[in-house]
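Only one structure is covered here, and it is reproduced in the block below.
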Amino acid sequence: MKQNKLIILLFSAFFIYISCSNNNEDVETSGYKRATISHNGFDFSEAKEETSPQLWDGSITKWQPGNGEHSTYKNNDVYLWWTNSGINNGVNATKYIGAGNDLSTITSVTDENWDSNPTILPLLKDNLYVAKCRDGYIKFRVISTSPNSTNWDAEIEYYFSKTKNFDK
């Protein structure tokens, strides 16, 4: 009886070890970071919340940047938008790239044709975007949004680059 419990305990420990080591390896080798971005603002090159609008790369709002209103996704409803117009002379500098979960498909960004109102899409789960930052560019995938949270949180996976090219 004791021998059976010991075997079960060893098997459980081995299974937990294998599960954890595989998960950690995936995170380390992906090269992508995760963050919760909010209305408080975020600095992607520093990988941290930044509450000063003079230093952040943008923030989350419950309305479409540029005071537009999308025909499908209504402002102040259940949707959140990323806005970075404060770093680009009052113009939104974010582009919807498509749906999916593979950020590696995005290899570069051009400054032309940023999304503009009234057709700017909100942050939707598993959508891919690129955006201009104060000191570079990001590509990101939306993991989840919490429009009813205090600071309108969105969890994302992202990669920051100082240039218009992404090497991962």
Side-chain angles (χ1 to χ4, degrees), residues 27 30-168:
V27 171
S30 74
Y32 301 121
K33 295 181 179 181
R34 284 190 178 214
T36 299
I37 56 177
S38 72
H39 190 60
N40 289 338
F42 201 83
D43 180 342
F44 289 100
S45 63
E46 296 291 324
K48 67 176 188 172
E49 182 178 280
E50 179 56 68
T51 57
S52 172
Q54 291 77 26
L55 300 175
W56 69 24
D57 290 321
S59 67
I60 298 288
T61 63
K62 284 191 85 167
W63 53 90
Q64 190 181 112
N67 299 319
E69 177 116 19
H70 195 284
S71 61
T72 304
Y73 305 105
K74 301 299 180 192
N75 292 341
N76 299 308
D77 194 12
V78 294
Y79 304 104
L80 299 174
W81 280 264
W82 175 253
T83 181
N84 59 4
S85 59
I87 67 160
N88 198 40
N89 298 322
V91 177
N92 179 59
T94 303
K95 292 182 198 183
Y96 165 74
I97 300 299
N101 57 15
D102 189 359
L103 282 172
S104 69
T105 61
I106 304 168
T107 58
S108 65
V109 61
T110 61
D111 281 333
E112 296 82 37
N113 302 318
W114 295 110
D115 292 343
S116 60
N117 66 36
T119 59
I120 300 171
L121 286 177
L123 301 177
L124 300 172
K125 183 178 176 11
D126 290 328
N127 276 3
L128 306 175
Y129 303 84
V130 294
K132 187 174 184 177
C133 299
R134 288 192 183 281
D135 52 355
Y137 297 85
I138 59 159
K139 60 180 179 177
F140 67 97
R141 177 179 71 92
V142 177
I143 296 169
S144 66
T145 62
S146 300
N148 294 323
S149 62
T150 304
N151 290 317
W152 310 329
D153 298 336
E155 185 178 357
I156 64 167
E157 176 181 44
Y158 74 95
Y159 185 76
F160 172 82
S161 174
K162 290 187 178 276
T163 70
K164 295 178 184 179
N165 298 310
F166 300 107
D167 58 359
K168 293 183 185 196

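All values below come from the heavy atoms of this structure, side chains included, with hydrogens, waters and symmetry mates left out. These numbers come from a predicted model, not from an experiment.
- Between Lys62 and Leu80 the shortest side-chain heavy-atom distance falls below 4.5 Å.
- Taking the six-membered ring where the residue is Trp, Phe44 and Phe42 present tilted rings, their angle falling between 30° and 60°.
- A distance of 10.5 Å separates CD1 in Ile97 from CG in Leu103, rounded to the nearest 0.5 Å.
- The shortest heavy-atom contact between Tyr73 and Leu124 is OH-CD1, 3.6 Å.
- For Asn67, the CG atom sits in a loose shell: 12 or fewer heavy atoms of surrounding residues, nucleotides or ligands are nearer than 6.0 Å.
- The two atoms that bring Ile120 and His70 nearest to each other are O-CD2, 3.6 Å, heavy atoms only.
- When every heavy atom of Tyr159 is checked against every heavy atom of Gly31, the shortest pair comes out as CD1-O, 3.3 Å.
- Residues Ile60 and Trp81 are not in side-chain contact: their nearest non-hydrogen atoms beyond the backbone lie 4.5 Å or more apart.
- Under a 3.5 Å cut-off, the side chain of Asp57 and the backbone N or O of Arg134 do form a donor-acceptor pair.
- Here the closest heavy-atom approach between residue His39 and residue Trp152 is recorded as ND1-CZ3, 3.4 Å.
- Listed for the Lys139 side chain is a donor-acceptor partner under 3.5 Å among the backbone atoms of Ile106.
- Going from atom OG1 of Thr150 over to atom CG of Asn40 covers 10.0 Å, rounded to the nearest 0.5 Å.
- Proximity of Ser38 to Asp153: side-chain heavy atoms (C-beta onward) are separated by under 4.5 Å at one or more points.
- The aromatic rings of Trp114 and Tyr137 sit parallel to each other, their planes meeting at less than 30°, with 60° as the upper class boundary.
- Side-chain contact, Asp43 with Ser45: a donor N or O sits under 3.5 Å from an acceptor N or O.
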>> Show, in sequence, the C-alpha distance, side-chain angles and deciding distance for Ser59 and Thr83, and conclude whether the side chain to side chain contact (heavy atoms under 4.5 Å, CB included) test is met.
In response: CA-CA 6 Å; Ser59 67; Thr83 181; 3.9 Å; yes

>> Show, in sequence, the C-alpha distance, side-chain angles and deciding distance for Lys164 and Thr110, and conclude whether the side chain to side chain contact (heavy atoms under 4.5 Å, CB included) test is met.
In response: CA-CA 7 Å; Lys164 295 178 184 179; Thr110 61; over 6 Å; no

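- Here the side chains of Arg141 and Asp126 are in contact, with some heavy-atom distance below 4.5 Å.
- The ring pair (Phe, Tyr, Trp, His ring centres under 6.0 Å) with Phe140 is formed by just one residue from the set Phe166, Tyr129, Phe160; it is Tyr129.
- Rounding to the nearest 0.5 Å gives a distance of 4.5 Å between CD of Glu50 and CG of Leu55.
- Taking CG of Asn84 as the start and NZ of Lys132 as the end, the distance is 9.0 Å to the nearest 0.5 Å.
- You'll find the side chain of Ile138 stays beyond 4.5 Å of the side chain of Val130, heavy atoms only.
- No side-chain donor-acceptor contact under 3.5 Å links Thr107 to the backbone of Ser104.
- Formation of a donor-acceptor pair under 3.5 Å by the Glu69 side chain with backbone atoms of Asn75 is found in this model.
- Considering every non-hydrogen atom in both Ser85 and Asn92, the closest pair reads CB-N, 4.0 Å.
- Closest approach of Leu123 to Ala154, counting heavy atoms only: CD1-CB, 4.2 Å.
- Asp115 places a side-chain N or O within donor-acceptor distance of the main-chain N or O of Tyr96, the cut-off being under 3.5 Å.
- At a threshold of 4.5 Å between non-hydrogen side-chain atoms, the residues Leu128 and Thr105 count as touching.
- Heavy atoms from other residues, nucleotides or ligands lying under 6.0 Å from CG of Asn165 number more than 12.
- Open room surrounds NZ on Lys48; 12 or fewer heavy atoms of other groups in view lie less than 6.0 Å from it.
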